[in-house]
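Note sheet for the following structure.
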2 protein chains.
Amino acid sequence: MQRGTFQQMKSVNKSIILNKIRTSEPISRAQIAKETTLTPPTVSSIVKELIVQGIVRESELGASQGGRKPTMLLIDQTAFYVIGVDAGPESVACILTDLSGEVIERTASKINKPITNEQFIAIMKESIHQVMRSSSVSKDKLIGIGVAMHGVVEVEAGISLIAPNLGLTNIPIKMELEAEFNLIVQVENDARAMALGESWFGGHGELESMVAVNLGRGVGAGVVIKGKLYHGSQDIAGELGHMTIDIHGDVCECGNRGCLQTFATGKAIAGRARKEINGATEMLTGKDVFQHALAGDEAYIKILQETGEMLGVGLTNLIHLINPEKIVLGGGVTKSKKFILPAVKQTIDQRVLTPVAKRTEVAITNLGDDATLLGAVSLLLVDLFDPL
Amino acid sequence: MQRGTFQQMKSVNKSIILNKIRTSEPISRAQIAKETTLTPPTVSSIVKELIVQGIVRESELGASQGGRKPTMLLIDQTAFYVIGVDAGPESVACILTDLSGEVIERTASKINKPITNEQFIAIMKESIHQVMRSSSVSKDKLIGIGVAMHGVVEVEAGISLIAPNLGLTNIPIKMELEAEFNLIVQVENDARAMALGESWFGGHGELESMVAVNLGRGVGAGVVIKGKLYHGSQDIAGELGHMTIDIHGDVCECGNRGCLQTFATGKAIAGRARKEINGATEMLTGKDVFQHALAGDEAYIKILQETGEMLGVGLTNLIHLINPEKIVLGGGVTKSKKFILPAVKQTIDQRVLTPVAKRTEVAITNLGDDATLLGAVSLLLVDLFDPL
DNA sequence: CCTTTATTATAACATAGTTAATTAAGTTAA
DNA sequence: TTAACTTAATTAACTATGTTATAATAAAGG
């Protein structure tokens, strides 16, 4: 717990006002005072500071409500910029955005394996240098670099502990990038970054809690509670992929049986199709299953529906433990949402314990391919807009 | 988010100081200032208020550190009293304790079924009246009544939505008791109350997060994060009992298959013993299984070990989702801890993903039979000591 | 045009923490 | 024993920041 000081009192109010403007812009000072229960003078004085800082600006006057016209306030989305990096198993993508998440510049570099820690860091550095060079954004307007890294990440230290798909361990990302660029660097697991991005840019409004699930090569999830990522005590909260739902099921790469991952990844879907469908080729991929299902082949449709059911079982367990207000699904597998989503929803509806819990919303992300990159960006936006 | 005001700033500091005294008593003002980074005058002035309120008192002088002797401060455990009610499926237990959880008075009343909402409320009221009469504690020293209620509880409204073992629904506990006694009333699910009690009285020190699991008639859990119960968005977070771990397993009373409850309750243990062991009687109970195991019967020991393994699977799922610092097991089934606990620990150790997660502590409660009652009490102590 | 009402700013005030000085009550060593 | 030093707690002056009350401004409506 933070101790109570004047600075803290003020920064609380500053955050409240800044977030109110962000979520309700354009908005007048008087309106802010009403909606936040802060007094008008307090709002005025803090808004004045925010304007000096450049993060808020006055726009034209709004419509009068029967008296003086209000001066409307806006976030100056171009006051600051952020760099987001998505360090996946096959490539490093990098974007530079303004505060609204609008992409100003982007790059992507393929990773040639095998690779060393040094080479990997070098690729990240070069990507970041590149977006900085290509854009005309001056460096003092950059507030930091957010990195979404696959694998296991130690968040505080900013170290990638295990990056299985690169075969690397203990990469000191934060330290290296801070030394190179002299900017704030935040490193986070990719599924979790995606979750934060989803809560920040996904248009879900103010949720008390949400979970975003990334269905791709693995099954990862991020838990966002009151706008903040929940890490757990050892940074593994949300490790949905290796939840056991069938103790007698197939062996997972982790060594256990019946993990959710053995049902819900693209690879698992393809594997099950090859096993259960006569005439399925050896080279069948998850995408192929989707194509066949789209073409109306019942056998493949059934595979996808079963996938949805298993996912529904896993998500029901998640609802019973974490009970989020909303669950958002993203990642490659959600391309098959037409077949999977109804099965997921139906399964949850059947299995969940109480009637109220049935109200848990389940939706597909609408951020598309940039979800993780925007998540990386949001790591820093949270610092700026909601630091408490 | 609370807006920043002077009152709030002060109450933050008051809480910090009060909790510091509670956890580190006896402690001097100077020591508090050092450990909290508050300034000495701030500490002095707030301590003065706490002494006027009666909740803190000065004790004898401490040992000198080379200068003036410090006046040590203590919580006056008898400054206020709390009533805790455990409304179980078969009886209503009620205690009156001081602030340290020391039981001053207690009652227990059996519930004769069938019963109506009105009769049930009447029993609770009578129990509470009884402990108040029997003790010499004056009513203005009572800060409130905490109720640990089995089944599904809507916490804010203080309503027992579903009490399956009583066959009752929608019991307006909070409303009724507040009207009768004119005291603050907090109602909570029993497993969750137990969890809070465990974190408050269990002697675990300051944990960032913990989960307490109640293994009895059902399997319930409470999640405590930063000293506060985590409810989730619909008050069902921690519903561990109906986590699916074996989709093809036995049918559970909830209608699904392979819930943790089908493995880890006393009834489930007895049922599995009857099925798998030749010569087991039809009337075998969970207790009997424990007795046979204690007597060295390998077949029964195996049943308990398997129970521990299944519980370990469920707890591994929990660790992967919530990642608590510590897991505490309580309830009737833990009487068999000798056979179950090693299996639980070993299973978690085998199945958990990352090496750090293996460090999650798993322990048996040391609060014994009063765990739930003390949990009910702690519902109010949190309000008093840590209201933020 | 005057009254009403909404918006914003300003001034006087209140709250509560901070800094620095002071008092209190010891310990240590010449 | 007493001077010099430590540590503990209080007091006084100061500062930061929110609050209340009031004023200034601007628009709408009769």
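Note that the structure is predicted; figures quoted are calculated from it, not measured. We name chains A, B, ... by the order of the sequence lines, and we start the count at 1 in each one.
A:K20 and A:E35 are joined by a salt bridge, as a carboxylate oxygen and a charged side-chain nitrogen come within less than 4.0 angstrom of each other. In summary, B:R29 and B:E58 engage in a salt bridge, as defined by a charged side-chain N under 4.0 Å from a carboxylate O. Salt-bridge check for A:E49 with A:K14: passed, with a basic side-chain N closer than 4.0 Å to an acidic carboxylate O.
In this model, the phosphate group of C:dT8 is approached by a side-chain N or O of A:T71 to a distance below 4.0 Å at OP1 or OP2. Considering only side-chain N and O atoms, B:R29 lies under 4.0 angstrom from the phosphate OP1 or OP2 of D:dT10. Look at A:S44 and you'll find a side-chain N or O under 4.0 angstrom from OP1 or OP2 of C:dA9. Considering only side-chain N and O atoms, A:T39 lies nowhere under 4.0 angstrom from the phosphate OP1 or OP2 of D:dG18. Using a 4.0 Å cut-off, no side-chain N or O of B:N13 falls inside it from OP1 or OP2 of C:dA16. At D:dA8, one or more side-chain N or O atoms of B:K34 fall inside 4.0 Å of OP1 or OP2 (strictly under the cut-off). The phosphate of D:dA16 has neither OP1 nor OP2 within less than 4.0 Å of any side-chain N or O from A:T5. Between A:T42 and D:dT19 there is a side-chain N or O to OP1 or OP2 distance below 4.0 Å.
With rounding to whole Å, A:Q31 atom CD is found 7 Å from C:dT7 atom P. Remark: P of D:dT19 and CD of B:Q7 are 9 Å apart, rounded to the nearest angstrom. The distance between atom CE of A:M9 and atom C1' of C:dA16, rounded to the nearest whole Å, is 8 Å. The distance between atom NZ of A:K10 and atom P of D:dT15, rounded to the nearest whole Å, is 16 Å. Regarding A:Q8, its CD atom lies at a distance of 12 Å from the C1' atom of C:dG17, rounded to whole Å. One interatomic measurement links the two molecules: CD of A:E58 to C1' of C:dT7, which rounds to 12 Å at whole-angstrom precision. For the pair B:I46 CD1 and C:dA16 C1', the computed distance is 9 Å after rounding to whole Å. When the C1' atom of C:dA24 is taken as reference, atom NZ of B:K69 falls 14 Å away, rounded to whole Å.
Mapping A:A30 and A:G4 onto DNA chain C by nearest heavy atom places A:A30 at the nucleotide closer to the 5' end.
Under the 4.5 Å side-chain criterion, counting only non-hydrogen atoms from C-beta, B:V187 is not in contact with B:I159.
Applying side-chain contact (heavy atoms from CB on, under 4.5 Å) to A:I145 and the options A:L379, A:L96, A:I184, A:I128 leaves one that passes, A:I128. Checked against A:K326 for a salt bridge (charged side-chain N to carboxylate O under 4.0 Å, His left out), the options A:E206, A:E361, A:E198 give a single hit: A:E361.
Contacts of A:S45 with the nucleic acid, taken as non-hydrogen atoms under 4.0 Å apart, are absent.
Distances from the side chain of A:F6 to the nucleotides D:dA8, C:dA20, C:dG17 place C:dG17 closest.
Between its opening and closing five pairs, the helix from C:dC1-D:dG30 to C:dA30-D:dT1 changes axis direction by 10°, a value rounded to 10 degrees.
A donor-acceptor contact closer than 3.5 angstrom is absent between the side chains of B:E154 and B:H231.
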Extract all donor-acceptor atom pairs below 3.5 Å that involve side chains of residues 73-82 of chain B and protein atoms in other chains or at least two apart in sequence.
{"residue": "B:D76", "atom": "OD1", "partner": "B:T78", "partner atom": "N", "Å": "3.0"}
{"residue": "B:D76", "atom": "OD1", "partner": "B:T78", "partner atom": "OG1", "Å": "2.8"}
{"residue": "B:Q77", "atom": "OE1", "partner": "B:S100", "partner atom": "N", "Å": "3.2"}
{"residue": "B:Q77", "atom": "NE2", "partner": "B:E25", "partner atom": "OE2", "Å": "3.3"}

